[in-house]
Amino acid sequence: WLVPPPRASQALGAVIASIASRYKSPKFQPHITLLSFPATPDIDSDALLPPQAQLPSAIPITFQQICTGKTYFQSVLIELEKREDSVLQALYNQVKTFNQKNRGNSIPPTIEGMPISTKPFYPHLSLYYGDPSMEVKEEIIEALAAEGAISISGPLTVGGVEGGFHVSEIWVVRTEGPVEEWEVLKKVKLEGMEHSPQEV
């Protein structure tokens, strides 16, 4: 997972919590899923990421739009800017290649349970987990706009986070079972954030 800095994380988490309270959906840490792997009992969290010195010192994230998705974990989300020359895309390629070299093809990386070879990278930050009708998803977005939780006048602003943020940490998370049972196995703080004068 790519995790926002504390201030942005708290603000986006409040939006997620408000939706969860109203629609009885799970609460979860705001994050961007980079890659996922089928869980194995002997998984080594240290072997899933390149050494910290090889990671980018800063990962800028830019909001594109609020939209709905077609899967449980992509129900209502912030779609993020995707460019082939971006730091985010380069990190995705780096971590994918690192794991393919280290783990071979015996446990291929996936996104949303689909092999990455058949599903393109889709950078997003989910705000709501669920499988309701399209009408309910659109109702959630309309309610957020009416309450001022999102604004599209100027850069997209969500929960007071304007335009995006710089990733603060990379987490390795075991996402088996119910959301409340997900377990953070490792946190890596990006070096560039240690000296950053601004959180977002």
What heavy-atom pair brings [X] and [Y] nearest, and what distance separates the two atoms?
X: P30; Y: G13; result: CG-N, 3.5 Å
X: S57; Y: L190; result: O-CB, 3.8 Å
X: L49; Y: V95; result: CD2-CG2, 4.3 Å
X: G159; Y: A11; result: O-CB, 3.2 Å
X: Q64; Y: E81; result: CG-N, 3.2 Å
X: E79; Y: L77; result: N-CD1, 3.6 Å

To the nearest 0.5 angstrom, please state how far the [atom1] atom of [X] sits from the [atom2] atom of [Y].
X: S86; Y: L91; atom1: OG; atom2: CG; result: 9.5 Å
X: I19; Y: K24; atom1: CD1; atom2: NZ; result: 14.0 Å
X: S151; Y: I66; atom1: OG; atom2: CD1; result: 11.0 Å
X: R174; Y: S36; atom1: CZ; atom2: OG; result: 13.5 Å
X: I61; Y: L88; atom1: CD1; atom2: CG; result: 4.5 Å
X: I140; Y: L127; atom1: CD1; atom2: CG; result: 9.5 Å

Q | Check ion pair K137-E135 (N to O, under 4.0 angstrom) | A | no
Q | Salt-bridge present (R22, E147; N to O < 4.0 Å) | A |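 Answer for the salt bridge query: yes.
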Taking the side chain as every heavy atom from C-beta outward, state whether [X] and [Y] have any atom pair closer than 4.5 Å.
X: V184; Y: V172; answer: no
X: I170; Y: L55; answer: yes
X: T175; Y: F28; answer: no
X: L185; Y: W171; answer: no
X: P4; Y: S168; answer: no
X: L2; Y: T33; answer: no
X: L12; Y: F165; answer: yes
X: V76; Y: Y129; answer: no

Q. Going through the checks in order, is the side-chain contact (heavy atoms from CB on, under 4.5 Å) test met by V161 and F63?
A. CA-CA 10 Å; V161 180; F63 296 162; 4.0 Å; yes
Q) Between K96 and L35, does a side-chain contact (heavy atoms from CB on, under 4.5 Å) hold up when you go through it step by step? A) CA-CA 8 Å; K96 179 181 70 172; L35 285 171; 3.9 Å; yes
(Q) Apply side-chain contact (heavy atoms from CB on, under 4.5 Å) to residues I32 and W1 and explain how you reach the verdict. (A) CA-CA 5 Å; I32 302 158; W1 288 5; over 6 Å; no
Q. In this structure, are over 12 heavy atoms from other groups packed under 6.0 Å from K27 atom NZ?
A.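 Count not over threshold, so no.
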(Q) If you count every heavy atom of other residues, nucleotides or ligands that lies below 6.0 Å from Q10 atom CD, does the total exceed 12? (A)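 Open.
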**Q.** side-chain contact (heavy atoms from CB on, under 4.5 Å) partners for V87, two or more places apart
**A.** P56, I59, P60
Within the distance-only criterion (no hydrogens, no angle test), does the side chain of [X] pair as donor or acceptor with the backbone N or O of [Y] below 3.5 angstrom?
X: S18; Y: V15; result: yes
X: K70; Y: S75; result: no
X: D131; Y: Y72; result: no

Q.
Please evaluate residues D85 and Q89 with respect to the criterion side chain to side chain donor-acceptor pair (under 3.5 Å), reporting the C-alpha separation (whole Å), side-chain torsions for both, the decisive distance (0.1 Å), and the verdict.
A. CA-CA 7 Å; D85 62 345; Q89 183 67 48; over 6 Å; no
Q: Please lay out, stage by stage, how F121 and N93 fare under the test side-chain contact (heavy atoms from CB on, under 4.5 Å).
A: CA-CA 10 Å; F121 180 42; N93 294 338; over 6 Å; no
Q.
Using the rule given for side chain to side chain donor-acceptor pair (under 3.5 Å), can you reason through Y128 versus Q74, listing the C-alpha separation, both sets of side-chain angles and the distance that settles it, and then say yes or no?
A. CA-CA 7 Å; Y128 167 69; Q74 294 182 11; over 6 Å; no
Q. Using a distance-only test with no angle check, is there a side-chain donor-acceptor pair under 3.5 angstrom linking T68 and E138?
A.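 No donor-acceptor contact under 3.5 Å links the two side chains.
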